[in-house]
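Okay, structure first, notes after.
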Amino acid sequence: MTQTAIPYLFLRGGTSRGPYFNAADLPQDRDRLSRVLVSVVGAGNPRNIDGIGGGNAVTTKVAMLSPSDDPKADVDYFFAQVAVEEELVDYAPTCGNILVGVGPAAIEMGMVAAQDGVTPVRIRAVNTGALVEAEVQTPGGVVSYDGDTAIDGVPGTAAPVALNFLDVVGSRTGALFPTGKAREEIDGVEVSLVDVAMPMMIARAADFGITGHETLDELDAMPDLFARMEAVRLEAGRRMGFGDVSKSVTPKIGLLAAPQGEGHFCARYFMPWTTHPTLAVTGSQCLAACALAPGTVAEGLTRPFADSPVTVRIEHPMGVMDVRVRYDRDGGFNFRSAGVTRTARLIARGEVLVPETVWCGA
């Protein structure tokens, strides 16, 4: 045999997609695992022509699932962000869009027994330690992907998957503001360094010379913008305690602007070397926290917010994302929990093949 077959499910989760594996079917050694995932995706080529990646950072994501030994969780979700044009795998971040597919995938894999109606799936995000409960539609004890819920950035409608995020503050650093400051300056740019679900460097779009209402294509055609943002991001990563982040996708970048429609504010989210076509689920929570907390770079850009619980509406290049937030201001600003409703769909199931030399590490 010249290739090794690995069972997988291929799902769209939110506005991302990728293969979902049973972790037991993959190598446990991290270096060997990375070689396998690079081969699966076809990383190292802009079209991912020799793998199942889609030539974009939102289509080169991988989920690895296993039964959890945490009494608070049913399943562990280990995420990998595989690069597009480099043979590189980053295990530091998590992905909230791919997380949307974890509940359905866990049921499809037999890790969680389906109930009749709605099945709750308690998920531990291994990369960050966050706990999330997903509510999956399972009429008759079978995962349903059909429904009337629409999300911006995905055509048509599908069954809703509700996600409730717990303990997301300080996901990597242990603090809402890792440096202890709500706002600080890096290389002449005011930024807020925030860690809620996803560590981020957040700034005002105008401070980088753009409006914040540009399209994805317009932004991706601005190499000078990305060079400027990356220089600031590298220092932000150092200040947040991550060291050299030149090869890591965290911290992500968010640029804020005043809303154009009915949202509370407008955001452009970067992954960080390309523009996200919509908005990451984890990033949306971090942006919402930044907008609600006093003293950040969001002050003066947002519409007024209602008291907790509040639905924060964030405008992005393809529409709006709603984030349900519970918070309080007892003794300061406290971000309690966040929730979103997204959709997922099982696209394919079967085996993905990798060369034997890759699997064996020859």
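Scope of the values below: all heavy atoms of this structure, side chains included, with no hydrogens, waters or symmetry mates.
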Quiz item: Any side-chain heavy atom of R124 sitting closer than 4.5 Å to one from D69?
Solution: yes
Quiz prompt | Shortest non-hydrogen contact between V245 and R233, atoms and distance | solution = O-NH2, 2.9 Å
Quiz item: Heavy atoms, side chains only, cut-off 4.5 Å: are S171 and P199 in contact?
Solution: yes
Quiz item: Taking all non-hydrogen atoms of both residues, which atom of D116 and which atom of P139 are closest, and how far apart?
Solution: OD1-C, 3.8 Å
Self-check item: Closest contact, heavy atoms only, A267 versus I314
Solution: CB-CG2, 3.8 Å
Quiz item: Sub-3.5 Å donor-acceptor pair from the side chain of T173 to the main-chain atoms of G170, do we have one?
Solution: no
Quiz item: Heavy atoms, side chains only, cut-off 4.5 Å: are F10 and V352 in contact?
Solution: no
Quiz item: H264 and F305: aromatic ring centres closer than 6.0 Å?
Solution: yes
Self-check item: Heavy-atom check, side chain of R183 versus side chain of E299, under 4.5 Å
Solution: yes
Quiz item: Does R349 make a cation-pi contact with Y8, if we ask for NZ or CZ under 6.0 Å from the ring centre and within 45° of the axis?
Solution: no
Self-check item: Considering all heavy atoms, the nearest V194-C290 contact
Solution: CG2-CB, 4.2 Å
Quiz item: Could you walk me through whether E86 and V84 pass the side chain to side chain contact (heavy atoms under 4.5 Å, CB included) check?
Solution: CA-CA 6 Å; E86 296 181 80; V84 176; over 6 Å; no
Practice problem: Give the intermediate values and the outcome of ring pair (Phe, Tyr, Trp, His ring centres under 6.0 Å) for residues Y327 and F333. | Solution: CA-CA 7 Å; Y327 69 98; F333 176 76; 5.8 Å; yes
Practice problem: Is it possible for you to say whether L65 and V126 belong to one hydrophobic cluster, with membership spreading through side-chain heavy-atom contacts below 4.5 Å? | Solution: no
Quiz prompt | same_hphob_cluster(M321, M200) at 4.5 Å side-chain heavy-atom cutoff | solution = yes
Quiz item: Is atom CG of D328 surrounded by more than 12 heavy atoms (other residues, nucleotides or ligands) closer than 6.0 Å?
Solution: yes
Exercise. Rounded to the nearest 0.5 Å, what's the gap from CZ on R30 to OH on Y91? Could you check?
Key: 6.0 Å
Quiz prompt | Joint hydrophobic cluster, M64 plus V354, side-chain heavy atoms closer than 4.5 Å | solution = yes
